[in-house]
Amino acid sequence: MSDNLFASYRARVVEALARIVPDLPAEVAARVEVTPTRDPAHGDMATNAALLAAKPARRRPAEIAAALAAELAGSDGVAAAVPAGPGFVNITLEPATLRGVLPAVLRAGAGYGDGAAGQGVMVNVEYVSANPTGPMHVGHCRGAVVGDALANLLTKAGFGVVKEYYVNDAGAQVAALAWATYWRYLQALGTPTGESDFVALVPGGLQYRGEYLVPVGAALADAHGASLAGPDGRPAAVPVWFDTVREFALGWMLRMIREDLLQLGVTHDVFTSEREILARGAADEAIARLDAAGLLYEGVLEPPKGKVMADWEARPQTLFRATRFGDDVDRPLRKSDGSNTYFANDIGYHGDKIARGASVVVDVLGADHGGYVSRMRSAVAAIAPFYAPGRPVAFEAVLCQIVHVIQNGQPVRMSKRAGTFVTLRDLLDEVGRDAVRFTMLTRKPDAQMEFDLDLAVAQTRDNPVFYVQYAHARCRSVLRAAAEMPGLGPVTREALAQVPLDSLDAEAELALLRRLAHWPRLVEAAALAREPHRIAFYLNDLAGDFHMLWNRGRDDATLRFLQAGQPESTRARLALVEGTATVIRSGLAVLGVEPVEEMR
RNA sequence: GGACCCGUAGCUCAGCUGGAUAGAGCGUCGCCCUCCGAAGGCGAAGGCCGAAGGUUCGAAUCCUUUCGGGUCCGCCA
């Protein structure tokens, strides 16, 4: 958009290049970049255009760079354009051009940086999707935050986004939940039942013995009395109670999860139930279509090597030819008893997402699902033509690696079985939503991370949450003080957007303006790379620029924002402060973190 | 046996999809408060980007091989 200084100068570069190399292939022109320079000595932006054009034009890069520099030097708002290095052209902007971003920021407000890069393409982002069998723990938290921030980021970049939660309410896990809840129910009725009474009965063993089901059992007893139990409070026949207990427990777990998510500030547009998807026949339909396309066969899989499988025996299963779509083995769709595998159901579900309009299907998954990605990608490639004829559909996975929680320099031991795992609620109580969210987003998702509880609440420089919020609070502090100053006039965003800015010429001020100019470009790049953590790093840098400028004012009184008796330059600086605060708020909004007014 | 992710400063991590002299915080050392918030800032030291080949104008980034760490590989979801 026109707010994006780099995009508009890129357009000029491409135009100028076309005059120098008239028959430049379009695919080469498409690779032209205009990027911020790393070294201020290289000016404000640099382009690789001459390097790219050299080969097809059969001319030396330096020669094209010189010609390009000459073209650009006369361009509006450009102070200098010089060839450099192996064939770059470095562009130095007029200070007035940099100052021009400020009114753009102030007029657009939170919308500054909103882009059209997404072109309205429909993206379905599925995240969290924790089994509805217990409270959320820290393991779920990273995916929740990453997915939520990614969805916000994509929206900001102009994609059409659906945030989705897939409720796995159909499998054996949920049956186990029902049994465990029933056990707690009988205990609530006063029946002396130990674990041993249930371990043998429950499919997969008594998996969910955590305390969190005690109130569920009690509530069930309140709602249904003894009507679900047999004589003397002994277990009744399964059909008597099973459906009732399962629904009750599922509803309870889902409410609990949604409350946890709400505490974390995570919301979804759509909750999709696996059972409803199955009842609608989605999996069967997908299987039938794959079959009709000749992509299924009955076969026998090799046993996995390097893994001990004592009870392995070869048996024929219905297999999907995933290898035709790049997977390394074909994948089973049916268990030996003929029922669908989870994968088969998931194919049906992904078909449903595509049928609902998604052209990009993003699954935010835990690292333990890494082996699942290639098979799902092949499945989507196989079924997309059925659900979206003629429309390209991409499957993407964002894998979130494990989070180790650290306290007092020691790893916090977690065991789900022992019930000592750290719940999401514990974490939020300990460090707060903003710190959890920001900290989780200061690493790229596919790197393992250590979450240091002490650092997340520290009020120091090395805690990026604090550092960024402190910068915002300082901005607000200056603006509050300005509102009390006589003779300044209104200092609202709207008023400051009109203010003359010529007095902004200190190096630290220009550095801050450059940073603000990067924001739209950064949003676009982060969205296209599906990397919300880049927003967090940008904010850290922006806060750094602001803190530096602030401290310059400590050393040199003429650089302070508020100058008594000089309303004009003071207003210009307030515009810069307000612009900084605006972009910080905008970035924090993507991350789902609250800006703070003051930190006393 | 195979697939995917990660190896970058003593530590925790960035590096904008191939660009110029590889960056930040912590830690270490030295500076800056009669002054809009010092809960900050400035400076110094610290690196052959796990290793070896390759691709090209140019590689931490792409390819191959290899060594470490993690995750996974039919009837869990």
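Computation of the quantities below employed the complete heavy-atom set of this structure, encompassing side-chain atoms and omitting hydrogens, waters and symmetry-equivalent molecules.
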Separation of [X] atom [atom1] from [N] atom [atom2], in whole Å?
X	N	atom1	atom2	value
Asp556(A)	rC42(B)	CG	P	15 Å
Asn551(A)	rA39(B)	CG	C1'	12 Å
Phe466(A)	rG41(B)	CZ	P	9 Å
Phe320(A)	rG74(B)	CZ	P	17 Å
Asp541(A)	rA14(B)	CG	P	14 Å
His518(A)	rA14(B)	NE2	P	21 Å
Met548(A)	rG37(B)	CE	P	20 Å
Arg331(A)	rA3(B)	CZ	P	12 Å

Remember a base hit wins even if backbone is also touched, and classify [X] as base, sugar-phosphate or nothing at under 4.0 Å, heavy atoms.
X	answer
Leu522(A)	nothing
Gln401(A)	sugar-phosphate
Ala367(A)	sugar-phosphate
Arg60(A)	nothing
Ser374(A)	nothing
Glu313(A)	base
Tyr467(A)	sugar-phosphate
Ala84(A)	base
Asp337(A)	nothing
Glu33(A)	sugar-phosphate
Ala482(A)	nothing
Pro86(A)	base
His533(A)	sugar-phosphate

Notebook entry, point to check: Arg334(A): what forms a side-chain contact (heavy atoms from CB on, under 4.5 Å) with it, not counting sequence neighbours?
Noted result: Ile287(A), Thr318(A), Asn340(A)

Item checked: Centroid distance under 5.5 Å and plane angle under 30°, Phe88(A) vs rA20(B) -> yes

Notebook entry, point to check: For His547(A) and rG41(B), do the ring centres fall under 5.5 Å apart while the planes stay under 30° apart?
Noted result: no

Atom [atom1], compared across [N] and [M]: separation rounded to whole Å:
N	M	atom1	result
rC5(B)	rA9(B)	C1'	24 Å
rU55(B)	rU12(B)	C1'	34 Å
rC73(B)	rC13(B)	P	26 Å
rA20(B)	rG15(B)	P	15 Å
rU21(B)	rG58(B)	C1'	14 Å

Polar side-chain contact [X]-[N] base: donor and acceptor under 3.5 Å:
X	N	result
Asp328(A)	rG2(B)	no
Arg474(A)	rC36(B)	no
Asn90(A)	rA20(B)	yes

Check: So which heavy atom on Gln563(A) is nearest to which on Ala557(A), and how close?
Finding: NE2-O, 3.0 Å

Notebook entry, point to check: Among all residues two or more places apart in sequence or in another chain, which pass the salt bridge (Lys or Arg N to Asp or Glu O under 4.0 Å) test with Glu164(A)?
Noted result: Arg356(A)

Between [options], which nucleotide has the shortest distance from any of its atoms to the side chain of [X]?
X	options	value
His369(A)	rA77(B), rC4(B), rC26(B)	rA77(B)
Lys335(A)	rG37(B), rA77(B), rG74(B)	rA77(B)
Asp555(A)	rC32(B), rG40(B), rA77(B)	rC32(B)
Asn48(A)	rG19(B), rU71(B), rU56(B)	rG19(B)
Tyr470(A)	rA39(B), rA14(B), rC57(B)	rA39(B)
Arg521(A)	rA14(B), rC16(B), rG19(B)	rC16(B)

Given that both distances must come in under 3.5 Å, which nucleotide forms a Watson-Crick or G-U wobble pair with [N]?
N	answer
rU56(B)	none
rC11(B)	rG25(B)
rG30(B)	rC42(B)
rA3(B)	rU71(B)

Check: Side-chain N or O of Arg461(A) less than 4.0 angstrom from OP1 or OP2 on rG41(B)?
Finding: yes

Margin query: If you compare every side-chain N and O of Thr35(A) against the phosphate oxygens of rC16(B) (OP1, OP2), does one of them come in below 4.0 Å?
Written below: no

Next item on the list: Mind running side-chain contact (heavy atoms from CB on, under 4.5 Å) on Leu559(A) and Arg573(A) for me, showing each step along the way?
Entry: CA-CA 9 Å; Leu559(A) 281 176; Arg573(A) 286 173 180 174; 4.1 Å; yes

Checklist line | First encountered from the 5' end of RNA chain B, between Lys444(A) and Ala172(A) | finding: Lys444(A)

Checklist line | 5'-most by nearest nucleotide on RNA chain B - Arg534(A) or Leu52(A) | finding: Arg534(A)

Margin query: A cation-pi test, strictly: NZ or CZ of Arg331(A) under 6.0 Å from the centre of the six-membered ring of Phe343(A) and no more than 45 degrees from its axis. Yes or no?
Written below: no

Margin query: Just confirming the chi classification of rC33(B), syn or anti, using 90° around 0 as the syn window.
Written below: syn

Notebook entry, point to check: Pick one for rU17(B): is it syn, with its angle within 90° of 0, or anti?
Noted result: syn

Checklist line | Ion pair Lys353(A)/Glu126(A), N-O distance below 4.0 Å | finding: yes

Next item on the list: Give me the residues of residues 559-570 of chain A where at least one heavy atom lies under 4.0 Å from an atom of RNA chain B, by number, or none.
Entry: Arg560(A), Phe561(A), Leu562(A)

Next item on the list: Name the orientation class of the two ring planes belonging to Tyr342(A) and Tyr372(A) (parallel below 30°, tilted from 30 to 60°, perpendicular beyond 60°).
Entry: tilted

Item checked: Donor-acceptor pair, side chain of Glu597(A) and main chain of His472(A), under 3.5 angstrom -> no

Next item on the list: For the pair Thr37(A) (side chain) and Pro40(A) (backbone), establish whether a donor and an acceptor sit closer than 3.5 Å, ignoring hydrogens and angles.
Entry: no

Just checking [X] against [Y], ring centres under 6.0 Å apart?
X	Y	answer
His518(A)	Tyr538(A)	no
Tyr127(A)	Tyr165(A)	no
Phe451(A)	Phe438(A)	no

